[in-house]
Structures are given as C-alpha cells and as structure tokens.
2 protein chains.
Amino acid sequence: MDKMYKENNLSKNQQIIFDLINKSSEPLKAYTILFSVQKKGIKAPPQVYRALDKLVETGKIHKIESKNAFVACRNSNCEISKATAFSICESCEMVDEINDAKLTKYLTSFSDKKGTKYKRFNLEFFGLCKKCK
Amino acid sequence: MDKMYKENNLSKNQQIIFDLINKSSEPLKAYTILFSVQKKGIKAPPQVYRALDKLVETGKIHKIESKNAFVACRNSNCEISKATAFSICESCEMVDEINDAKLTKYLTSFSDKKGTKYKRFNLEFFGLCKKCK
DNA sequence: TTACATAATGTTATATTATAACAATTTAAA
DNA sequence: TTTAAATTGTTATAATATAACATTATGTAA
C-alpha cells in the first residue's frame, strides 16, 4: 500500500496531534485533544498518549507538569527537551516557553553541593502575565 | 468535647499524613498514603487530598509535579513554597530538595525578556544520584 | 458561657488522567 | 522480499483527583 506519510518525520497520528497543539494558543490536555481529533479517526486514549509520548520524546512538544497539558516547542535551543523553562500565568493559565540563553546556561551548568550535575531540568515560573497584571 | 489537637498547627489528619511523608525516604503518592493510613481511620481519597492540599499550602510538604508525589520540606528557606528546587534520580527515583541560596536568588530575581518577574517557581533537575552513578 | 464563623472531617459518587495487553498494519531497510 | 521496528486500532482497566453534601470540631468575640 502507498505510504501514508513521509513529508516529515511524524506519523499520521503524531502529525494530527502536533498540528492541533501547535496551532493552539494554550496548553492542551490529553482528553481535550482526544475529543478534538475523534473526527479524524483517533478514537481512543492510547492513540493520543502514544503520539504525545513520541512528540515529547523528540522534543516537538513539552508537557507542562503542573497542568498535565502540552504545548508545542517554540525554542529550537532546547534540544530534545533537556532544558525547558516556562512562564505560567496564574490567572489566565497562559503558558509561554522561555528562551533565555543565560538562564539555560546557568541551569545546565548548575551543580549541587555534592558536585552532582544534572543532564536535564524543567523549570516552571508562576505569576501574572502582562494582560492579567 | 475535648480538643483533639493543639500542640502544633496541624489538624489530626494533616498530622498523620505529614508524619508519614516526613519519615519517608522517598516521595509518596496520594493513594499509597491512603492505603497506609486506613488503619488510622482515614478511609477516603478526599480526606487525603484535603490534607495534602493544606500541607502544600502551608509549605510543610511539596508536590513533585513530574511524579505526582509528595515530599516533606527540608528547607526552611523556601518560605511557603515560593521557590522550590529538586534533584530527581532517573534510576532509583530518589528525590532531594535543593537548598542553594545562589540558585534561589538567581531564579527569584529572574525577569524574562519582557521584564516580567515571577512570584513563584518550581525547578526539577533530572539525572543520576551518587548511588546510581 | 453562648453564639457564630471558619476549618476540618466523613462519606458517596464520579470525573479526569493514564496505561496494560493484545491483534493488525505500515514502514524502513537489510 | 522478508524481516524487524514502529505505528495503529481496540477493549478494558488502573491511577489520580474532585464534586457535593452532611456533620463535627475549633477559635473568637459578644
């Protein structure tokens, strides 16, 4: 049978779900995604979670842990999600990815009191966004 | 009736659940806690979640967002959980609270490109702990 | 002390988030 | 072209968390 996808490295379900997240202005939850893509034939949670897992793994999206929700990566510098930072508005729930070279460098090179370095971090800032202030 | 608690500022359920988390060497999940405290009369999820919420609110414990689990605060400097940082071992799942004044100061005073400052942050580092390395 | 507001508790049911397990198909590539 | 790996489809269920409501305990102020 003809190949069903090839233009890029995403599979059909991955592409559908990435597109949805990518054009969203806010973090999307797994079941919100599920309901949105049912018309496209994605009918069950495992299909969504598998695509999300892969997209996270490849750095195309990030999971906002404090919200159990997903955003598209806006930052070519966070190679495969080793170093992620977000600002989260406590009022409107808006999430922005922070792309700050100095911050990344500071945290990437951080070592704790025992001298241990870490290969990955996730940082979530909370406050009020410009609109809500 | 006689007052049931007063030695400190925690209620009965809060104290039971705090004690359990405080003496644990690893993060505890809500349902693990629930099973552990059923013999003490705490029988339903809302009782656990309410105590956890209050303990988080007052800074006695922290939630490890990437694990949906809770640890006791080991750091008198993270006043009411405004500035939390943890190291998480990807192999043995061990979690340590990081208490590093420079790090805290750096992140507390961080402002993004638009000049926005944040009133709270949570940082999770991932890597291998000393034992697992 | 009594009366009142607030906080905490107990309880049932249910909502939300996530994975296990297995069969089938598609893809890449040897 | 046949084989391994990745992806998909599907059903069921596990794990995490909250809604809603009734009751009791606690702190405080009249």
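As a basis for the values below, the full set of heavy atoms in this structure was taken, side chains included, without hydrogen atoms, waters or symmetry mates. Chain letters run A, B, ... following the sequence lines, proteins first, then strands; residues in each count from 1.
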Q: Applying side-chain hydrogen bond (donor to acceptor under 3.5 Å, both in side chains), name anything that partners B:Asp19, two or more places apart in sequence or on another chain.
A: B:Gln15

Q.
Once salt bridge (charged side-chain N to carboxylate O under 4.0 Å, His left out) is applied, do any residues pair with B:Lys60, and if so which ones, sequence neighbours excluded?
A. none

Q: Rounded off to whole Å, could you give me the CD-to-C1' distance for the A:Gln38 and D:dT8 pair?
A: 16 Å

Q. Would you say D:dA6 has OP1 or OP2 under 4.0 Å from some side-chain N or O of A:Asn13?
A. no

Q. How far does the helix from C:dT1-D:dA30 to C:dA30-D:dT1 bend, going by the axes of its first and last five pairs, to the nearest 10°?
A. 40°

Q. How long is the line joining NZ of A:Lys43 and P of D:dA12, in whole Å?
A. 15 Å

Q: Send over the distance from A:Ile42 CD1 to D:dG9 C1', rounded to a whole Å.
A: 11 Å

Q | side-chain contact (heavy atoms from CB on, under 4.5 Å) involving B:Ala72 - partner list, sequence neighbours excluded | A | B:Phe18, B:Ile21, B:Asn22, B:Arg74

Q: Provide the full list of side-chain hydrogen bond (donor to acceptor under 3.5 Å, both in side chains) pairs with a residue in residues 27-47 of chain B, sequence neighbours left out, each pair given once.
A: none

Q) Is A:Lys12 near enough to D:dT7 that one of its side-chain N or O atoms lies under 4.0 angstrom from OP1 or OP2? A) no

Q: Report yes if the side chains of B:Leu103 and B:Leu123 come closer than 4.5 Å at any heavy-atom pair, otherwise no.
A: yes

Q: Specify the separation, in whole Å, of atom CD of B:Gln14 and atom C1' of C:dG10.
A: 15 Å

Q | Whole-Å gap separating P (C:dT27) and CG (A:Leu10) | A | 14 Å

Q) Are OP1 or OP2 of C:dG10 and a side-chain N or O of B:Gln47 less than 4.0 angstrom apart? A) yes

Q: Quick one: which residue pairs count as a side-chain hydrogen bond (donor to acceptor under 3.5 Å, both in side chains) with a foot in residues 123-133 of chain B, not counting sequence neighbours?
A: B:Ser66-B:Glu124, B:Asn122-B:Glu124

Q: Using a strict 4.0 Å threshold on nitrogen-to-oxygen distance, state whether B:Asp96 and A:Lys113 make a salt bridge.
A: no

Q. Is the shortest side-chain N/O distance from A:Ser11 to OP1 or OP2 of D:dT8 below 4.0 Å?
A. yes

Q.
Counting primed atoms plus P, OP1 and OP2 as sugar-phosphate and everything else as base, spell out the protein contacts along nucleotides 16-22 of chain C at 4.0 Å heavy-atom distance: B, S or - for each nucleotide, 5' to 3'.
A. -BBBBB-

Q.
Test of understanding: with side-chain hydrogen bond (donor to acceptor under 3.5 Å, both in side chains), list the residues that count as partners of B:Lys119, not counting sequence neighbours.
A. A:Glu90

Q: Round to a whole Å and report the spacing from CG of B:Asn9 to P of D:dA25.
A: 21 Å

Q) Rounded to the nearest Å, what distance is computed from the CG atom of residue B:Leu34 to the P atom of nucleotide C:dT12? A) 14 Å

Q: Quick one: list whatever passes salt bridge (charged side-chain N to carboxylate O under 4.0 Å, His left out) with B:Lys63, sequence neighbours left out.
A: none

